[in-house]
Amino acid sequence: MDDQTRMMTGLTGLGGLQQADVGDPDSVRKQQSLGQPQQDIGDILQQIMAITDESLDEAQARKHALNCHRMKPALFSVLCEIKEKTVLSIRGVQEEDPPDPQIMRLDNMLLAEGVSGPEKGGGSAAAAAAAAAAGGSPTDSSIEHSDYRAKLAQIRQIYHSELEKYEQACSEFTNHVMNLLREQSRTRPISPKEIERMVAIIHRKFSSIQMQLKQSTCEAVMILRSRFLDARRKRRNFNKQATEVLNEYFYSHLSNPYPSEEAKEELAKKCGITVSQVSNWFGNKRIRYKKNIGKFQEEANLYAVKTAVDAANVSAQASQANSPATPNSGGYPAPCYTPDGRL
DNA sequence: ACCTATGATTGCAC
DNA sequence: GTGCAATCATAGGT
């Protein structure tokens, strides 16, 4: 700014352009012979334009010459005035950027997945929860879990190193541009506001690159997750003995086929599966039985007989009288069977 | 290759 | 949190 005010005071010196020591003998000759201010300004402008076509050394020399020129302050102030006017029109275009919802979504997701934010918790916790829900043998889930964690850590590491690289590049580039503009502000009018705007533009550009990084990181996490979930979906049928144990419980508790937490734990232990798998099994069984009782009739009869026989054996062993097989008071409909086990 | 059975997941209601 | 209902995806049988 002080540059500009200084230049304004020099505006009165337009007349003294006769001796233009700008290093071009041709123009000097022309200026000297013509001696007209208008022509002089034209020449100087032409020289300024010609700088871009010259070698660096030549240009430096010419720049220095221009900087030392008596007319420089005057021209500078004129440029300042013009600039002031154009800045007004630019100001309308300039908009303060609101927080991008897209980038906020990505940030939230990366935070939730444990990619950004603190090292512990987040993703590993999510993986642990997922692994816990997965069921299956504990070894399997722990292998999947650690695999998932390792992959997530890899993504996390790449993300952070890339982000750091971008941030470094951004600050380096910003510094470079700012230095360049400061340097240039000696020869052309550049207000701090303009520098600020340029910095903002650079930051916007880099943040759009960052958004791409965030986007691709999110994609990678989603793919990893879906693979992990797919792995969980890979199921194996329970072994025959486990199914038998579960069916026995189900049909002997047909009036109320809702095992308690303790019962579930016991069944899980007996069958070599998790409690949640027991819950899943009962959930599936109840709904499928209810939907098509006819289809399960045979199975129901089979297990009813089995239970009855077992009970009879137990009671015989205990030298006791007959035992009730299935107390059925208003739960799921009991199968129709004769005491000897036939339909 | 197709069909059925079955374990797992998801969305919803309570 | 639990159970229901619908659905997905795979295992296993033909």
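Fair warning: this is a prediction, and the values are worked out from it, not measured in the lab. Every chain is numbered from 1, with letters handed out A, B, ... down the list of sequences.
The distance between atom CZ of F250(A) and atom P of dG3(C), rounded to the nearest whole Å, is 13 Å. Rounded to an integer number of Å, the gap from CZ of R236(A) to P of dG12(C) is 7 Å. If you take CZ of F282(A) and P of dA8(B), they are 14 Å apart, rounded to a whole angstrom. For the pair I287(A) CD1 and dT7(C) P, the interatomic distance rounds to 12 Å; values are reported in whole Å. Y289(A) places its OH atom 14 Å from the P atom of dC4(C), with the value rounded to the nearest Å. Taking atom CD on E299(A) and atom P on dT4(B), their separation rounds to 18 Å, with Å as the unit. Going from atom CG of N247(A) over to atom P of dA5(B) covers 14 Å, rounded to whole Å. Look at CG on N256(A): it is 16 Å from P on dT2(C), rounded to the nearest Å.
Of all nucleotides listed (dA5(B), dT6(B), dA8(B)), dA5(B) comes nearest to the side chain of K295(A). Listed nucleotides dG12(C), dG3(C), dA8(B) differ in distance to N237(A); the shortest reach to its side chain belongs to dG12(C). Nearest to the side-chain atoms of N280(A) among the listed nucleotides dA5(C), dA6(C), dT9(B) stands dT9(B). With distances taken from any side-chain atom of R286(A) to the nucleotides dA6(C), dG7(B), dC4(C), the minimum falls on dC4(C). Side-chain proximity of R288(A) to dT2(C), dC8(C), dC4(C): nearest is dC8(C).
F238(A) comes within contact range of the sugar-phosphate backbone alone, with a heavy-atom separation under 4.0 Å but no base atom that close. Using a 4.0 Å heavy-atom distance criterion, K285(A) is classed as making no nucleic acid contact.
Between the side chain of S207(A) and the backbone N or O of Q210(A), no donor-acceptor pair lies under 3.5 Å. In this structure, Q277(A) contributes its side chain and T274(A) its backbone to a donor-acceptor pair below 3.5 Å.
Between Y251(A) and F296(A), the ring center distance fails the sub-6.0 Å criterion. For F250(A) and Y303(A), the ring centers sit 6.0 Å or farther from each other.
Classification of the Y249(A)-F282(A) ring pair by plane angle, with boundaries at 30° and 60°, yields perpendicular.
A residue-by-residue look at K291(A) and S279(A) shows that S279(A) has its nearest nucleotide of DNA chain C further toward the 5' end.
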